[in-house]
K.L.:
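Sending over a structure as structure tokens; questions will come in a sec.
Residue numbers begin at 1 in each chain, while the letters A, B, ... track the order of the sequences.
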Amino acid sequence: MNVFEWSFLAGVLTATAPVLLAALGGLLCQVVGVFNIALEGQLLWGAFVAVVVSDLTGSAWAGVAGAVAATVLFSALLSIPAVGLRADPIVIAVGLNLLALGLTAFLMRQIFGSGGTYSSPDLTGLPDLGELGLDVPVLREQSPLVPVALLLVVVMATWLTRSRSGLRLRAAGQHLEAAEAVGLPVAAYRHGVTLAAGALCGLAGAQLSLGNVTLFSEGMSAGRGWIAVVAVMLSGVLPYRLLLACLLFGVAEAFGFRLQGAGLPQQAADAAPYVITLAALVLAALWRRKRSHEHA
Amino acid sequence: MTAPALARRVVVSAPVVAVAGALALTTLVMLVVGVDPTLAYPALIRGAVADGNLEYTVAAFVPTLGMALAFALPLRAGEFNLGGDGQLAAGGVAAAALALLVPLPPVVAVVLPLVAGALAGGLVAAVAAPLSTRLKIPAIVSTLLISTPAVALASYLVRFPLAEAGTGIAQTPTLPDAAHLPFLGGSGYVTIGLPLIVVLTGLWLYADGRTVTGYEIRATGQNREFARYGGVRVDRVAAVALAGGGAFAGLSGALIVLGPPYRFVDGALTAPGYTFTAVAAVLLASARPVVVPLTVALLTVLQVGGQGMEREAGVPSQLTQIVQGLIIVIVAVLATLQARRRR
Amino acid sequence: MYAAELVEVTKRFGPVLANDGIDLAVARGEVHAVVGENGAGKSTLMSILYGLHRPDAGEIRRDGRTVALRSPADAIRHGLGMVHQRFRLFPGLTVAENVVIGAEPVRAGRIDRAAAARKVAALSERYGLRADPSALVGGLPVGVRQRVEILRALYREAEILILDEPTAVLTPGETDRLFEVLRTVAATGVSILLVTHKLSEVMAIGDRVTVLRQGRVTGRFTTAETNADELVNAMIGRSLAPSAPKRARPVREDPVLEVRDLTIHDADGVARLSEVSLSVHPGEIVGLAGVAGSGQRELIDSVTGLRGAVPGVFLAGTPVLAGRDPRVAYVPEDRHGRATAPGMSVAENILMGAQRELSSRWTLPTAAVKRRARDLVDRFAISAASVDVPISALSGGNAQKAVLARELTRPSRVVVAEEPTQGVDVGVRERVHALLLAARDDGAAVLLQSSELSELRDLADRILVLYEGRVVAEFPGDATETDIGRAMTGATA
């Protein structure tokens, strides 16, 4: 097995993209100090709406737009109680993750008439970059949302460090009282990033159901939203480090896929991304601890 | 308190308002997608409590209550255990393996697998404790991350080393007769798991309110710095609470496997969604442990009734997940509104 | 016309009347001191002026016009700037970013860093507030951080600059430099409101003084025409406090609390305590003075066992036990931090620490726990509806009395009290003092940390001064505030 085949790298990128998009949303929230663990539910909801709208209109791009709009609405269910009313964001997120699971499974049966997995020749997925004329290895079979995700990493890194609004967001997350003391509208920022995270999760969901594959199946987010949460924890709110963390997951998933091809049981492939993500989290924490102990 | 005053307090209490609100919103969802609530709700009730169904509802109450304890016990110490599925599967597979591989005399053949299940679940959950207390990785994240590999491992064991030969179905062979949980009375569903879990719930309630450990767990959950200052070994308390929760989950898995159909069928433990039904029930009880059995009963009725509703009225049973999710959100909102009014 | 006026301002927090019909007027270019003891209502008043709290009654005028200040943003717009006691700075941002934030110079959609640095440098130059614009604030010494806050206010063109206890964290040299800066600033026409409880500062820099006591104005003076005695009178309502009767020193028994050569480093390797030695004997109160952050926290956490098993700390001759040494009664500074669990009942809060002694094996004797709590509630005159209500339902003073009830009834011969009267009213304060004195008379060794020198002088038999993690001086209990204050700022006596 050659890990350095183009197809392996392509697989890594495909696996990374939805997680990265969701994680960018989580990072944005983290910048302002909102611990957003509703990414999983939003990702699933986005994936579902993308398929429904694409199926209805015959346009994958309409599906993407629908997913973004619908997931922004969904994220308002987090932002209004958690930011506006200051309810416990963790409990709200647990509820919303469950709600997304139930809502997608329920509506799927109502709309498509059956549960499990929906795919159909009528359902249009996102075009490959190859079809759009970008016929280079690795990218050839990716959807346009993949380079968009990578570009967003650069945009967000630059924006957060260079722009006025980026500076203010970072400041608001560092010290709440200080932000209020210099007159920054912290609550508005928090609503804003929560809704923006919804938009990014909408993109992530569309990439998952119309980019990576062209179908919807129940619970297809399969923990990717949680991996995104971990990636945010690993990132130290730095977009480039976030990309690395997400790539780590992508490698794990692509590798697990390969292992399965090599005859290892599917369960090993299922578990691999989680084991590797958890290991990364533990190693990072141990490293931080060691560093502070060396000082002591 | 007078009877009307008591009645008024119950009616406006958070759980009642939350359930009412969630049902109202769910009815709205029904109307939007064109489901007739006047057909769906009666079907739901019949699905849960009509003859024959009631027994099944009671049987489903057992693991749901077990999983409620699995979530509630760590929550009292301030730790979110969302990894119930992994702990459940680990407990189930440990119990099945022991019962299949080790010939045991009667009674012991039931007791040991139950203990093994509890131990396995407790171990899986306890991993999260040092991660939380020493490395500051929130349990809500670590328990979830550990859950999927644990489920995968159980699934692997059931499909390969422990698989029933020749059938091609992902399940273990039937467990030896000695390992079957005895039925309760003349029931064909309800086993002695019911009294067992009820007694354990009683013990937990007693421990929570009336023992030193319970007090220290609550103090740790309320304000960790306060507990540490008071001399409580908070790291150990958090570990005990998480392991204890995991043990309840593992026991629930073992109870499922040792009950009909007396085998570990891959996916059968996690598919009914006991874990999150239990999470919703515990959050619905809003920090009043005594109410937990009631909220578990309510949500079990909803969950089981949902399947009846699907059979009878053709309404997808996932509707009950929507209700659960809404309940959690509404409970959280009510909690802050109440706290604000008190100030 | 005054630059700023507070007219009949009233603010109530629950049962506490923090500000009661206060009038305060500040002229252009004057340094106006607002003095009063802790809890007199100074900080609340300044928070109202800066839009952080809204008054229940009364109004605020700027240049004669009534203004509504709903938020700091409003206040900034109306030319107000504030330097908070706890700095409101962003540790991860640079000095320049901290100064310009909220009104950043922008070029082509990006922050114009060069312009920001230039403007900050110009302001620094003009007012003698030296600070490197590109340095990260998190790594700066306290004195420089304060300059950053002042620069920020000046950058936003504040016409009224509020400083809340600005010298609490400064060394004497830094304080002198700050006062120079304030004079320069005032000379440009900016009004300065200086909140303090140090009379020497008022006399040194103030033009006029408003004195608050228990939420009311009890005096208005022009510094040139008054003296410290007059101010003290207005501040505490009586001429110089008669010290509590100090016991004739008994023959010294061996110390119950002994610290020998204690050195402690923090996670970054900085020494927080250096070779600290002290001893507290039965029947004496040893006061601990020092500006905030001089090592008090580390010392107290070491003595109580909360820092783990630290070498060099001995209780009755044996090393301190890690976790929480049950031989020490400890009244912590912050009631919401570690002293109470707000959601638990009064009885459960009072139980903490005694749960294992009261219980046989596993079971908690609920009835006995409640009986004991009711007993203590009566004995310590805690006003609570019942012992079953959450402790958060109690007023601050009553919650503090509950903490004292819990700690002082421990079977311990060492009592550590940290700011025991912070944020409580005068009645509770007297009660707390009486309790500590009674503990002393019963033979307890008391270590009392307080930022109020008057409190230390009232209670302590000896006063130790911590400065940068070292014990730099020891005074008898009746030493003057000036001497103690000087030692607190590191000046060698």
K.L.:
Short of 3.5 Å, which donor-acceptor contacts do chain B and chain C share? List atoms and distances.
P.N.:
{"residue": "B:Y206", "atom": "OH", "partner": "C:T363", "partner atom": "OG1", "Å": "3.4"}
{"residue": "B:R210", "atom": "O", "partner": "C:L364", "partner atom": "N", "Å": "2.6"}
{"residue": "B:R210", "atom": "NE", "partner": "C:T366", "partner atom": "OG1", "Å": "3.3"}
{"residue": "B:V212", "atom": "N", "partner": "C:W362", "partner atom": "O", "Å": "2.9"}
{"residue": "B:Y215", "atom": "OH", "partner": "C:E348", "partner atom": "O", "Å": "2.6"}
{"residue": "B:Y215", "atom": "OH", "partner": "C:M352", "partner atom": "N", "Å": "3.1"}
{"residue": "B:E216", "atom": "OE1", "partner": "C:R356", "partner atom": "NH2", "Å": "2.7"}
{"residue": "B:E216", "atom": "OE2", "partner": "C:Q355", "partner atom": "NE2", "Å": "2.8"}
{"residue": "B:E216", "atom": "OE2", "partner": "C:R356", "partner atom": "NE", "Å": "3.1"}
{"residue": "B:E216", "atom": "OE2", "partner": "C:R356", "partner atom": "NH2", "Å": "3.3"}
{"residue": "B:R218", "atom": "NH1", "partner": "C:E348", "partner atom": "OE2", "Å": "2.4"}
{"residue": "B:R218", "atom": "NH2", "partner": "C:E348", "partner atom": "OE2", "Å": "3.2"}
{"residue": "B:N223", "atom": "ND2", "partner": "C:G337", "partner atom": "O", "Å": "2.9"}
{"residue": "B:N223", "atom": "ND2", "partner": "C:T340", "partner atom": "O", "Å": "2.9"}
{"residue": "B:Y229", "atom": "O", "partner": "C:R324", "partner atom": "NH1", "Å": "2.5"}
{"residue": "B:Y229", "atom": "OH", "partner": "C:Y330", "partner atom": "O", "Å": "2.8"}
{"residue": "B:Y229", "atom": "OH", "partner": "C:R406", "partner atom": "NH2", "Å": "2.8"}
{"residue": "B:Y229", "atom": "OH", "partner": "C:E407", "partner atom": "OE2", "Å": "2.7"}

K.L.:
Is it the side chain or the backbone of C:L321 that comes within 4.5 Å of chain B heavy atoms, both, or neither?
P.N.:
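C:L321 has no heavy atom closer than 4.5 Å to chain B.
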K.L.:
Looking only at heavy atoms, what is the nearest atom pair of C:M352 and B:A227, with distance?
P.N.:
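Closest pair (atom of C:M352, atom of B:A227, distance): CE-CA, 4.1 Å.
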K.L.:
So which part of B:V234 gets closer than 4.5 Å to some heavy atom of chain C, the side chain, the backbone, both or neither?
P.N.:
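It is neither, since no heavy atom gets under 4.5 Å.
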K.L.:
Only pairs of heavy atoms separated by less than 4.5 Å count here; which of C:P342, C:G337, C:A393, C:G323 has the most with chain B?
P.N.:
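Ranked by heavy-atom pairs under 4.5 Å with chain B, first place is C:G337.
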K.L.:
Minimum heavy-atom separation for B:F226 and C:A341, please, with both atom names.
P.N.:
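Scanning both residues completely, I find the closest heavy atoms to be CD2-CB, 3.4 Å.
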K.L.:
Counting heavy-atom pairs closer than 4.5 Å to chain B, which one of C:P365, C:G353, C:A339 comes out on top?
P.N.:
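Winner by heavy-atom pair count: C:A339.
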